[in-house]
J.: 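I'd like to ask some things about the structure below.
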Amino acid sequence: MTPEIPSPSPALPGAPAPDAPERRDFIRDIVAADVAAGRIPAPVTRFPPEPNGYLHIGHAKSIALNFGVAAEFGGRCNLRFDDTNPVKEEQAYIDAIEHDIRWLGYDWGARTLHASDYFDQLYAWAVHLVESGLAYVDDQSADQIRETRGTLTEPGTNSPFRDRSVEENRELFERMRAGEFPNGARVLRARIDMAAPNINLRDPVLYRIVHARHPRTGDAWSIYPTYDFAHGQSDAIEGVTHSLCTLEFEVHRPLYDWLIEHLPVPSRPRQIEFARLNLTYTVLSKRVLLRLVSEGHVRGWDDPRMPTISGLRRRGFPAEGIRDFAGMVGVAKTDSVIEYGLLEYAVRTVLNRTAQRRFGVLDPVRIVIENYPEGQVESLDVGNNPEDPTAGTRPVEFGRELWIEREDFAEDPPPKFFRLAPGREVRLRNAYFVTCTSVVKDQAGRVVELRCTYDPATRGGDAPDGRRPKATLHWVSAAHAVPAEVRLYDQLFSRPDPGAEGDLFADLNPDSETIVRNAMLEPSLADLPGGETVQFERLGYFTPDPDSAPGALVFNRTLTLKDTWAKVQAKGAVGA
RNA sequence: UGGCGCGUGGCUCAACGGUAGAGCACCUGACUCUGGAUCAGGGGGUUCCAGGUUCGAAUCCUGGCGCGCCAGCCA
């Protein structure tokens, strides 16, 4: 499914480019101050995904932050899987996550770590807490625990098992580990304060009984630590200095600190929270993304409409564009929603600079050049990228019959329409000037062919007399064109704030994908390698889809070009 | 009628007591063999509100208001 991708650009992502403006945000300020004050020689960060789904563009922000901070201050960033819940986690997700981070262009050396690597140590620390009288085994059910936790405005009440002896707690916890009890029979809880105004401090659960096979530790454990107990301690084991996480963990920080304080951990990490990424027209919730996939609203995690890294990759977004975007969105504590257009801007900027140009006609209409010799074919030299002279040129066949874009012709051109019309001369890009002499229609009145003449003196696209048509059209030789299916994409959701008014799934855009089955492409496109995105001149950026096969080409439209004509039309429509 | 956090142009951020700035978006013009790109210019902010401190407040204090998060044996 996932195409094999050429390695990302050689520039070391994460490391500041020599000419990059200094990136500044409150987290980098804190790190810089810690380094300047000599509290740490260099920062250690970590990216801690739970392997229960695919990475998405929101994770890219976190990845760029964690790896970026580490690189900029000469530190390091670990990849650590937060694999403490075996009922939701799978090896397939672990593999996909590693692949995606590599594709994005980040490198964590040999430091592929797992919270599960620390299960022994974590267990020993839990015992330490028991022996300090700071944790106890609670026999209450999940329901009972919920009922006695209190509410936002009322304190909770102590569990009847809260004052068990250290001996009894130690024995019971040991037996939980030995697998003597069924799921949910007992938990290990921290003994903090059932009346704490912060609910996370009301004797939070540290360990629960889960009889499930873990992707890495197999059946070795029948109890698993919760996020709260595993995360900070894992940070401490790894020597993480700045544990960067999203805002929803803010209220967990007092617990994070409490555990670090009461345990003989080897280092004292500090948790700092920042706002997660939100994007208009997009949902970045693993739960929802999983539903989109499992309910068949999209074809898979890597559907080109998905905001997953694999989806964006299949769509043709370059890793560099995603990295640039992550750098542009800023890091702050304000809950915010980024306009999707900023992502497009970042991607277009990279693609404009790097994508080779090709000719492709999505909605072909035939033109016949009446004064061009029948049977003649000539090869024209066409530049691969006007933004990059080193990209060279390629030969493109020209002949008497060509395909042009149907919408590049108007029998009755509206004002400000500069393209082909009866009697009007336009330039065929890198080829000749042609003038439309007549229109051939079928019985239904549909244009089936345009008869034209060309000016042989304009070969290459310039007129000796200096005259300049107002429009330049893309074209493909009818005798050489290869047919292809092209998939056009629009937002997966039809409103900028999906789900804001009721059911999220009711906001799915029914026109998020449009399939064009009879596109005509220049023949060089037939063997474009997967993972490469090119520009179809005047149309946008396109990339071969993995569904593509020899003789049955399939392309995805990555993005359109910026379209000011569409804007003019829209204005006209409003004014009319 | 709990706790924690956040409020600066349409969007995202900066300004860290000295009189509000950037990117994106938007508008205009130039240029152009992509109605793309590029270049030049422009509009747009009572810095949530109200008091207070100060020669001076987006920055400090007090009180409001609004928004977000927290009552999983998810992370």
Side-chain angles (χ1 to χ4, degrees), chain A residues 21 24-26 29 48-50 52 82 84-85 87-89 138 140-142 145-147 149-156 183-189 195-202 204-210 223-224 226-228 230-231 245-254 273 275 280 286-287 328-346 348-349 352-353 357 359 383 386-387 416-419 426-431 433 458 460-462 468-474 535-540 560-569:
Chain A
R24 216 64 289 189
D25 54 64
F26 81 100
D29 286 346
E50 184 191 10
N52 67 343
D82 227 329
T84 57
N85 187 2
V87 313
K88 288 189 176 180
E89 297 154 7
D138 194 343
Q140 293 184 109
S141 69
I145 288 177
R146 185 178 344 103
E147 282 158 17
R149 185 153 26 224
T151 69
L152 295 178
T153 52
E154 301 159 328
N183 287 352
R186 288 177 229 263
V187 292
L188 184 74
R189 290 230 258 172
N198 181 339
I199 291 177
N200 293 291
L201 260 16
R202 317 241 261 230
V205 171
L206 267 22
Y207 266 91
R208 72 284 212 195
I209 298 170
V210 180
I223 57 173
Y224 291 91
T226 56
Y227 165 86
D228 284 311
H231 204 94
C245 64
T246 43
L247 252 27
E248 64 268 29
F249 293 103
E250 213 159 18
V251 287
H252 291 246
R253 184 165 13 103
E273 312 85 16
T280 56
K286 278 198 204 172
R287 200 195 99 254
M328 284 189 270
V329 296
V331 178
K333 298 194 71 163
T334 320
D335 262 306
S336 57
V337 185
I338 305 300
E339 290 172 344
Y340 191 85
L342 187 66
L343 210 209
E344 296 187 324
Y345 165 81
R348 277 201 192 97
T349 302
N352 178 54
R353 198 181 71 236
R357 314 285 126 126
F359 291 152
E387 304 292 319
K416 294 189 186 166
F417 181 93
F418 304 139
R419 294 167 273 174
V426 298
R427 171 166 42 224
L428 295 180
R429 174 138 241 236
N430 293 292
F433 292 4
T458 58
D462 285 303
R468 310 153 113 182
K470 292 196 78 172
T472 299
L473 310 187
H474 57 99
Q535 182 189 111
F536 289 3
E537 294 218 29
R538 302 207 309 131
L539 295 179
T560 60
L561 255 27
K562 223 168 100 182
D563 191 351
T564 49
W565 168 245
K567 209 176 281 178
V568 170
Q569 280 180 308

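A note on names: the letters A, B, ... follow the listed sequences, proteins ahead of strands, and every chain is numbered from 1. No hydrogens, no waters, no symmetry mates; every other heavy atom, side chains included, goes into these values. All of these numbers come straight from a predicted model, not from anything done at the bench.
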J.: Using the C1' atom in both, what is the distance from B/U34 to B/G41, to the nearest Å?
T.: 25 Å

J.: On a whole-Å scale, what distance lies between the C1' atoms belonging to B/G66 and B/C49?
T.: 10 Å

J.: With sugar-phosphate meaning primed atoms plus P, OP1 and OP2, does A/R468 contact a base, only sugar-phosphate, or nothing at under 4.0 Å between heavy atoms?
T.: sugar-phosphate

J.: Taking atom P in both B/G23 and B/G64, compute the distance separating them and give it to the nearest angstrom.
T.: 40 Å

J.: Between A/R357 and A/G383, which heavy-atom pair has the shortest distance, and what is it?
T.: CB-O, 4.4 Å

J.: Which heavy-atom pair separates A/E387 from A/N352 by the least distance, and what is that distance?
T.: CG-O, 3.4 Å

J.: Side chains of A/L201 and A/P254: closer than 4.5 Å at any heavy-atom pair?
T.: yes

J.: Could you give the CG-to-P distance, from A/L152 to B/C70, as a whole number of Å?
T.: 10 Å

J.: Could you check if the base of B/G72 is syn or anti? Syn means the glycosidic torsion is within 90 degrees of 0.
T.: syn

J.: Go through RNA chain B and write down every stem, that is, every run of at least three consecutive Watson-Crick or G-U wobble pairs with distances under 3.5 Å, as range with range.
T.: B:2-7 with B:65-70, B:10-13 with B:21-24, B:26-30 with B:38-42, B:48-52 with B:60-64

J.: What's the gap between B/A57 and B/A50 when it is taken at their P atoms, as a whole Å value?
T.: 14 Å

J.: Once you measure the plane-to-plane angle for A/H252 and A/F249, does it fall in the parallel (<30°), tilted (30-60°) or perpendicular (>60°) bin?
T.: perpendicular

J.: Taking B/C48 as the reference, what is the distance to B/G36 when you measure between their C1' atoms (whole Å, please)?
T.: 41 Å

J.: Would you call A/R429 and A/E537 a salt bridge, using N to O less than 4.0 angstrom?
T.: yes

J.: Within the 4.0 Å heavy-atom criterion, would you say A/G341 contacts the bases, only the backbone, or no part of the nucleic acid?
T.: nothing

J.: Which atom names give the shortest non-hydrogen contact between A/K286 and A/N52, and what distance separates them?
T.: NZ-OD1, 2.6 Å

J.: If every non-hydrogen atom of A/D462 is compared with every non-hydrogen atom of A/R427, which pair is closest and at what distance?
T.: OD1-NH1, 4.4 Å

J.: What's A/E537 touching, base or sugar-phosphate or nothing? Going by heavy atoms closer than 4.0 Å.
T.: base

J.: What N/O pairs connect the protein and nucleotides 72-75 of chain B at under 3.5 Å? Give each pair on its own line.
T.:
| residue | atom | partner | partner atom | Å |
| --- | --- | --- | --- | --- |
| B/G72 | OP2 | A/R149 | NH2 | 3.1 |
| B/C73 | OP1 | A/R149 | NH2 | 3.1 |
| B/C73 | OP2 | A/R149 | NH1 | 3.2 |
| B/C73 | N4 | A/Q140 | O | 3.1 |
| B/C73 | N4 | A/A142 | N | 3.0 |
| B/C73 | N4 | A/G184 | O | 3.1 |
| B/C74 | OP2 | A/R208 | NE | 3.0 |
| B/C74 | OP2 | A/R208 | NH2 | 2.8 |
| B/C74 | O3' | A/R208 | NH2 | 3.2 |
| B/C74 | O2' | A/N85 | ND2 | 3.3 |
| B/A75 | OP1 | A/T84 | OG1 | 2.7 |
| B/A75 | OP1 | A/R208 | NH1 | 3.4 |
| B/A75 | OP1 | A/R208 | NH2 | 2.8 |
| B/A75 | OP2 | A/Y227 | N | 2.9 |
| B/A75 | O3' | A/D82 | OD2 | 3.3 |
| B/A75 | N6 | A/H252 | NE2 | 3.1 |

J.: Working note: A/Q535 + A/R348, criterion side chain to side chain contact (heavy atoms under 4.5 Å, CB included); need CA distance, chi angles, decisive distance, verdict.
T.: CA-CA 10 Å; A/Q535 182 189 111; A/R348 277 201 192 97; over 6 Å; no

J.: Is the shortest side-chain heavy-atom distance between A/E89 and A/D82 below 4.5 Å?
T.: no

J.: Rounded to whole Å, please give me the gap between OH in A/Y345 and P in B/A22.
T.: 15 Å

J.: So which atom in A/V205 and which in A/R189 form the shortest heavy-atom distance, rounded to 0.1 Å?
T.: CG2-CD, 4.1 Å

J.: List, with names and distances, any nitrogen or oxygen atoms from the protein found under 3.5 Å away from nitrogen or oxygen atoms belonging to nucleotides 35-38 of chain B.
T.:
| residue | atom | partner | partner atom | Å |
| --- | --- | --- | --- | --- |
| B/G35 | OP1 | A/R538 | NH1 | 2.7 |
| B/G35 | O3' | A/T564 | OG1 | 3.0 |
| B/G35 | O2' | A/T564 | OG1 | 3.0 |
| B/G35 | O2' | A/W565 | N | 3.4 |
| B/G35 | N7 | A/R419 | NE | 3.4 |
| B/G35 | O6 | A/F418 | N | 3.1 |
| B/G35 | O6 | A/R419 | NE | 2.9 |
| B/G35 | O6 | A/R419 | NH2 | 3.4 |
| B/G35 | N1 | A/K416 | O | 2.7 |
| B/G35 | N2 | A/K416 | O | 2.8 |
| B/G36 | OP1 | A/T564 | OG1 | 2.9 |
| B/G36 | N2 | A/E387 | OE2 | 2.6 |
| B/A37 | O2' | A/N352 | ND2 | 3.2 |
| B/A37 | O2' | A/E387 | OE1 | 3.2 |
| B/A37 | O2' | A/E387 | OE2 | 3.3 |

J.: Taking atom C1' in both B/U32 and B/G44, compute the distance separating them and give it to the nearest angstrom.
T.: 30 Å

J.: Which atom pairs, donor and acceptor, lie under 3.5 Å between side-chain atoms of residues 336-344 of chain A and protein residues at least two apart or in another chain?
T.:
none

J.: Round to the nearest Å and state the distance from A/F26 atom CZ to B/G5 atom C1'.
T.: 11 Å

J.: Taking atom CZ of A/F26 and atom CD of A/E273, what is their separation to the nearest 0.5 Å?
T.: 7.5 Å

J.: Using atom types as modelled and distance alone, determine if a side-chain donor or acceptor of A/N198 lies under 3.5 Å from a backbone N or O of A/V251.
T.: yes

J.: Testing the basics here: between A/I223 and A/Y207, what is the closest heavy-atom pair and its distance to 0.1 Å?
T.: CD1-CD2, 3.8 Å

J.: Roughly how far apart, to the nearest Å, are B/A15 and B/G21 at atom P?
T.: 14 Å

J.: First locate atom OG1 of A/T564, then atom CD of A/Q569, and finally report the distance between them rounded to the nearest 0.5 Å.
T.: 10.5 Å

J.: Strictly under 3.5 Å: I want the nitrogen or oxygen pairs between protein and nucleotides 63-67 of chain B, one per line.
T.:
none

J.: If you measure from CG on A/L428 to CZ on A/F433, what distance do you get to the nearest 0.5 Å?
T.: 10.0 Å

J.: Would you list the protein and nucleotides 8-13 of chain B atom pairs, both N or O, that sit under 3.5 Å from each other?
T.:
| residue | atom | partner | partner atom | Å |
| --- | --- | --- | --- | --- |
| B/G10 | N2 | A/E339 | OE1 | 3.3 |
| B/C11 | O4' | A/E339 | OE2 | 2.9 |
| B/C11 | O3' | A/V337 | O | 3.3 |
| B/C11 | O2' | A/V337 | O | 3.1 |
| B/U12 | OP1 | A/V337 | N | 3.2 |
| B/U12 | O3' | A/S336 | OG | 3.2 |
| B/U12 | O2' | A/V329 | O | 2.6 |
| B/C13 | OP1 | A/S336 | OG | 3.0 |

J.: Distance check needed: B/G5 C1' versus A/N198 CG, whole Å only.
T.: 12 Å

J.: How many Å lie between CD on A/E250 and P on B/C69, as a whole number?
T.: 12 Å

J.: Could you tell me whether the side chain of A/R202 and the main chain of A/R149 form a donor-acceptor pair under 3.5 Å?
T.: yes

J.: Which value, in whole Å, describes the distance between the C1' atoms of nucleotides B/C55 and B/G63?
T.: 26 Å

